[in-house]
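See structure below.
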Amino acid sequence: MKDYSRNFLFYPPLALASGTWGLGENLFKYYSPAEVKETFGVLVTKGISLKPRIGNLPPRIWETPCGLINSIGLANPGVKEFKKIFLTGLLKTEVKIFVNLYGEEIEDFVALAEEFKGTGVSGLELNISCPNVKKGGIAFASQPEVVKELVKEVRKVWEGSLWVKLSPVGPVLDVAKACESSGADAIVCANTYPGLVVIEGEKVLKGGVSGPAIKPLTLRLVYELSREVSIPIVGCGGIASAKDVLDYFVCGAKAVEIGTAFLIDPELAKKIAKELKEKWDM
Ligand SMILES: Cc1cc2nc3c(=O)[nH]c(=O)nc-3n(C[C@H](O)[C@H](O)[C@H](O)COP(=O)(O)O)c2cc1C
């Protein structure tokens, strides 16, 4: 087989996006260890915070035309529990593990980065783009100067790969440039779009919209950003087929993440990776 590893940020060029596959259990139910390795170059964990979070009250996920809206609120066991219970199993996969980090303040991100030094984790993905929390999250993504400071401070303590997951709304280009100038290795474009559904004619659920509905929107962002920044872009939004992956590459992405499609059909990524290999030799 040809060696494509240098064409992409990682190889195989598919990653599993944060929050859409639990912390391992939902992946290992459907994939053997060999299948995990053949399909994904990176697994990005659910957003991990310093303290455990129970997240928002239900309903917190709802179907929308061609997608989903979610308001999970970053439910997670907290960094100590994550390291103790989940990380060892994930590291056994022989696939690069990236931990998605969530903090309310810059100091939280720095403390979290310190926690993963020497653990075998390959990289960190800073989540500055969650629309479903009161503090931190998307609030960072509206302030390029704060993002610059955040990346600079995390870079001081973290030598592994450092990605920043952008919000698709706000001053996206300025934030991307702030990431580039302060030492990020790549940007992930992008998180969910703020949206709202009315459930059963009365209950309002505000959250982040994902899935095929957002693909043309995020694809355009990737296209525009790839002309303005020179660090690699990981495309993420609405990917549900090999053609979707190729579209992201055409628009300048150096790898992609698959999210909602995994929730809808956990085995789809296997088929996508196989098609990319068999039809496109990648
Ligand atoms: C249920 C759910 C939970 C998510 N949790 C996180 C999270 O913890 N951290 C994060 O950065 N993104 C999170 N995301 C966003 C996804 O990783 C991805 O960026 C987004 O859904 C767009 O990709 P998609 O259209 O392929 O799903 C979540 C998405 C969903 C649907």
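One-based numbering along the sequence shown. Because the structure is predicted, anything quoted here is derived from the model rather than measured. In each ligand, atom 1 is the first atom listed, and ligand 1 is the first ligand listed.
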Quick one: which ligand 1 atoms are inside 4.0 Å of a heavy atom on G237? 23 (O), 25 (O)
State, yes or no, whether a side-chain contact exists between L43 and V36 at a heavy-atom distance under 4.5 Å. yes
Give yes if a backbone or side-chain nitrogen or oxygen of T20 is under 3.5 Å from a nitrogen or oxygen of ligand 1, and no if not. no
Using distance alone, determine whether C236 and ligand 1 share an N or O pair under 3.5 Å. no
Scan V198, N70, V197 and name whichever one has a side chain to side chain contact (heavy atoms under 4.5 Å, CB included) with W62. V197
Could you see if L101 belongs to whatever hydrophobic cluster contains V157? Use Ile, Leu, Val, Met, Phe, Trp, Tyr and a side-chain cutoff under 4.5 Å. yes
On a heavy-atom basis, I'd like to know which of G238, S18, G73 is closest to atom 25 (O) of ligand 1. G238
My understanding is that we take every heavy atom of each candidate and find the minimum distance to atom 1 (C) of ligand 1. Doing that for G19, A261, G259, A17, which one comes out nearest? G19
In terms of atom number and element, which parts of ligand 1 are under 4.0 angstrom from non-hydrogen atoms of A190? 19 (O)
Short version for N100: what comes under 4.0 Å of ligand 1, heavy atoms counted, is side chain
Among Y102, F140, F116, find the residue that satisfies the ring-ring contact (aromatic ring centres under 6.0 Å, His included) test when tested with F109. F140
What is the closest protein heavy atom to atom 15 (C) of ligand 1, and at what distance does it sit? N191 OD1, 3.4 Å
I want to know if ligand 1 touches T260 in the polar sense, i.e. an N/O pair below 3.5 angstrom. yes
How far is atom 12 (N) of ligand 1 from its nearest protein heavy atom, and which residue and atom name does that atom have? K165 NZ, 3.0 Å
SB check E115 K80 (cutoff 4.0 Å): yes
Should side-chain heavy atoms under 4.5 Å link Ile, Leu, Val, Met, Phe, Trp and Tyr, which residues sit in the same cluster as V188? L9, F10, V42, V44, F98, W163, V234
Does K84 have more than 12 heavy atoms from other residues, nucleotides or ligands lying within 6.0 Å of its NZ? no
Starting from atom 20 (C) of ligand 1, find the nearest protein heavy-atom neighbour and note its residue, name and distance. T192 CG2, 3.7 Å
Looking only at protein heavy atoms, what sits closest to atom 21 (O) of ligand 1 is S210 CB, 3.3 Å
Can you run down the salt bridge (Lys or Arg N to Asp or Glu O under 4.0 Å) pairs that involve residues 215-227, sequence neighbours left out, and say none if there aren't any? K215-D244, K215-D247, R220-E224
Check: K46 N/O within less than 3.5 Å of ligand 1 N/O: yes
Side-chain contact test, heavy atoms from C-beta onward, threshold under 4.5 Å: evaluate it for K277 versus K274 and give yes or no. no
Between K270 and E267, does any side-chain N to carboxylate O distance fall below 4.0 Å? yes
Which part of L74 is near ligand 1, with near meaning a heavy atom under 4.0 Å away: side chain, backbone, both or neither? side chain
Give the contacting part of I214 toward ligand 1: side chain, backbone, both or neither, where contact means a heavy-atom distance below 4.0 Å. side chain
Using the side-chain contact (heavy atoms from CB on, under 4.5 Å) rule, take W21 and K46 through it: C-alpha gap first, then chi angles, then the decisive distance, then the call. CA-CA 8 Å; W21 55 283; K46 173 76 196 155; over 6 Å; no
Does G67 have a non-hydrogen atom less than 4.0 Å from ligand 1? no
In the protein, what heavy atom is nearest to atom 29 (C) of ligand 1, and what distance, to one decimal place, separates them? N70 ND2, 3.6 Å
